[in-house]
Amino acid sequence: MLEMKVFRENPDSIFNDLKRRNASDEIVKEVIKLDKKWRAFIEKGNGLRAQRNSISKEIGELKKQGKDTSSVMEKMSGIKDKLSQNEKETKEMLDLRDQARMRVPNILEESVPIGEDEGGNNEVSSHGSKGNILNPKPHQEIIEYISGADLKRAAKISGRRFYFLTGDLARLEMALINYAIDYLYQKQYTLTIPPFFMNREAYEGVVDLNDFEEVMYKIEEQDFYLIATSEHPLTARFKDEILEIKKQPLKYAGISTNFRKEVGAHGLSDRGIWRVHQFAKVEQVVICKPEDSELMHNELLNNAIELFEGLELPFRVVDICTGDIGTVAARKYDLEAWMPASQQWKEIVSASNCKSYQSVRLNMRYRTPEGTEYPHTLNATAIATTRALAAILENNQKDNGSITIPRVLHKWMNGQEKIEAQ
RNA sequence: GCAGAGGUCGCUUAGCCCGGUAUAGCGCCGGCCUUGAAAGCCGGUGGGAAUAUUCCCUCGGGGGUUCAAAUCCCUCCCUCUGCGCCA
């Protein structure tokens, strides 16, 4: 949600942004209109309350002196009626204003490329080499012959898009997690294991409202949603608080299982463990002063790049365009791994600068000499295990069916260097 | 889950019994002092609306009683202590 002062002082910045997104600006006009009405109600209410307070004082004085109060009491009852009517209208107007305001997307950074969909994304850089694999097998086949996962029985007891990770592949997942955690520890990110359930109110602070239908699972009959990423609890953690951000930004490494409905996703490219309802992810989360957020965005992106360079995987960095970026982020970069079997680049990391969009909704501020200010929030994948595993399986497959384990992971695999076909 | 005690401005805390504009300390910011700093002293330090100046809101959330609620009543949430249960 955008700060109200943007609508009041610089609405053109929103209108221009929506033009770049090729989106309607009706909703912005609605917010501005409702805000004016709300302010008129507030003023009227303040006047009534001022009257009420002064009459109330008068009554106190009169009673102290033992004088008659019936005439002022009568005046009071008229004011109280008007005030309760006004309070109802004021609240309604504020609710309407903020319902509309919630639907206005973040203002994008000016350099975000313009485009209709993912086809408009810009490749920024590429890393590693694609290798030379003869007849590469897709990861869902490799999983079978190394006995790395059991999707069939997972489907029997849970449903499609679930899996048992088994043996060396499960060990490899733990190695990836440890690899990411140790890397971020060295960069001063505080490891944080969050709650996996969050209530609706907190959740509204960090996501697009559509996500409630399309992404998060709701616990039946209870005000709980399963988290879709540790970014959500880590960012919502300081809701309604005034933080002390000294020099250093607040930096966290979140780790959790993530739960996603994946509504509407189908197709060949989603087989195996690429798109699943449940997966582990190490996430980077930063809360910082506005002036630091661009720098921190680069840091998060560089961390992801270094992690995947360490894994010796071929990947590229993509600058996400206006049509593909969504409502919350002001700038977003993805890392896309090269998948030899399908000959496609596929998303493995997403790094977003949300600016103050989340902190406004969360009512999370930090103290400055002049008062309070909304901090910027940023998030980026460090390693999402299932996708990293799929990329490793496809890129590291050998002619004899074995999989070489990236060197940086050996220390968490008891020195094991490859996974053999069973 | 049961019983008791609690939730007050960034943090700590007084006020609650007995209703009438929220107290003090710490931290932070500014000023004085100083070669510089510390200490000391002085002032400021939640949010909103409009501004020569003001006005309003804010004591965990919601509701009620009252001319008037941090204070009384109801309700929900959370924390602590003890008991119970438990990986």
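All chains are named by letter (A, B, ...) in the order of the sequence lines, taking the proteins before the strands, and each is independently numbered beginning at 1. These numbers come from the heavy atoms of this one structure, side chains and all, not from hydrogens, waters or symmetry mates.
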Would you kindly give the [atom1]-to-[atom2] distance between [X] and [N], to the nearest whole Å?
X: D240(A); N: G46(B); atom1: CG; atom2: P; answer: 18 Å
X: Y366(A); N: G27(B); atom1: OH; atom2: P; answer: 23 Å
X: L243(A); N: G10(B); atom1: CG; atom2: C1'; answer: 10 Å

Base-pairing mate for [N] - Watson-Crick or G-U, with both contacts under 3.5 Å:
N: A52(B); result: none
N: G40(B); result: C32(B)
N: G1(B); result: C83(B)
N: U65(B); result: none
N: U71(B); result: none
N: A24(B); result: U12(B)
N: G19(B); result: none

So, [X] and [Y]: side-chain donor and acceptor under 3.5 Å apart, yes or no?
X: T229(A); Y: N258(A); value: no
X: R260(A); Y: Q278(A); value: no
X: Q422(A); Y: E144(A); value: no

Non-neighbouring partners of R49(A) that pass salt bridge (Lys or Arg N to Asp or Glu O under 4.0 Å), sequence neighbours left out: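 Per chain and number, R49(A) pairs via salt bridge (Lys or Arg N to Asp or Glu O under 4.0 Å) with E87(A).
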More than 12 foreign heavy atoms under 6.0 Å from CZ of R103(A): is that the case here? no
I'd like the P distance from C11(B) over to G61(B), given in whole Å.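 14 Å, rounded to whole Å.
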Measuring only the P atom in each nucleotide, how far is G6(B) from C72(B)? A whole number of Å is fine.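 Here G6(B) and C72(B) have their P atoms 11 Å from each other.
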Walk me through it: do E373(A) and R365(A) pass the test salt bridge (Lys or Arg N to Asp or Glu O under 4.0 Å)? CA-CA 5 Å; E373(A) 201 70 55; R365(A) 290 153 297 162; over 6 Å; no
Where do F212(A) and Y225(A) land on the ring-ring contact (aromatic ring centres under 6.0 Å, His included) test, with the steps shown first? CA-CA 9 Å; F212(A) 285 100; Y225(A) 291 83; 5.0 Å; yes
Phosphate OP1/OP2 of G20(B): any K63(A) side-chain N/O under 4.0 Å: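 Negative; the distance criterion is not met.
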Categorize K57(A) for me: base, sugar-phosphate, or nothing, with a 4.0 angstrom heavy-atom threshold over every strand shown.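 Nothing, no nucleic acid heavy atom in range.
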What pairs of nitrogen or oxygen atoms, one from the protein and one from nucleotides 47-50 of chain B, lie under 3.5 Å apart?
| residue | atom | partner | partner atom | Å |
| --- | --- | --- | --- | --- |
| G47(B) | OP1 | T372(A) | OG1 | 2.9 |
| G48(B) | N2 | N46(A) | ND2 | 3.4 |
| A49(B) | OP1 | R8(A) | NH1 | 2.0 |
| A49(B) | OP1 | R8(A) | NH2 | 3.0 |
| A50(B) | OP1 | R39(A) | NH1 | 2.2 |
| A50(B) | OP2 | R39(A) | NH1 | 3.1 |

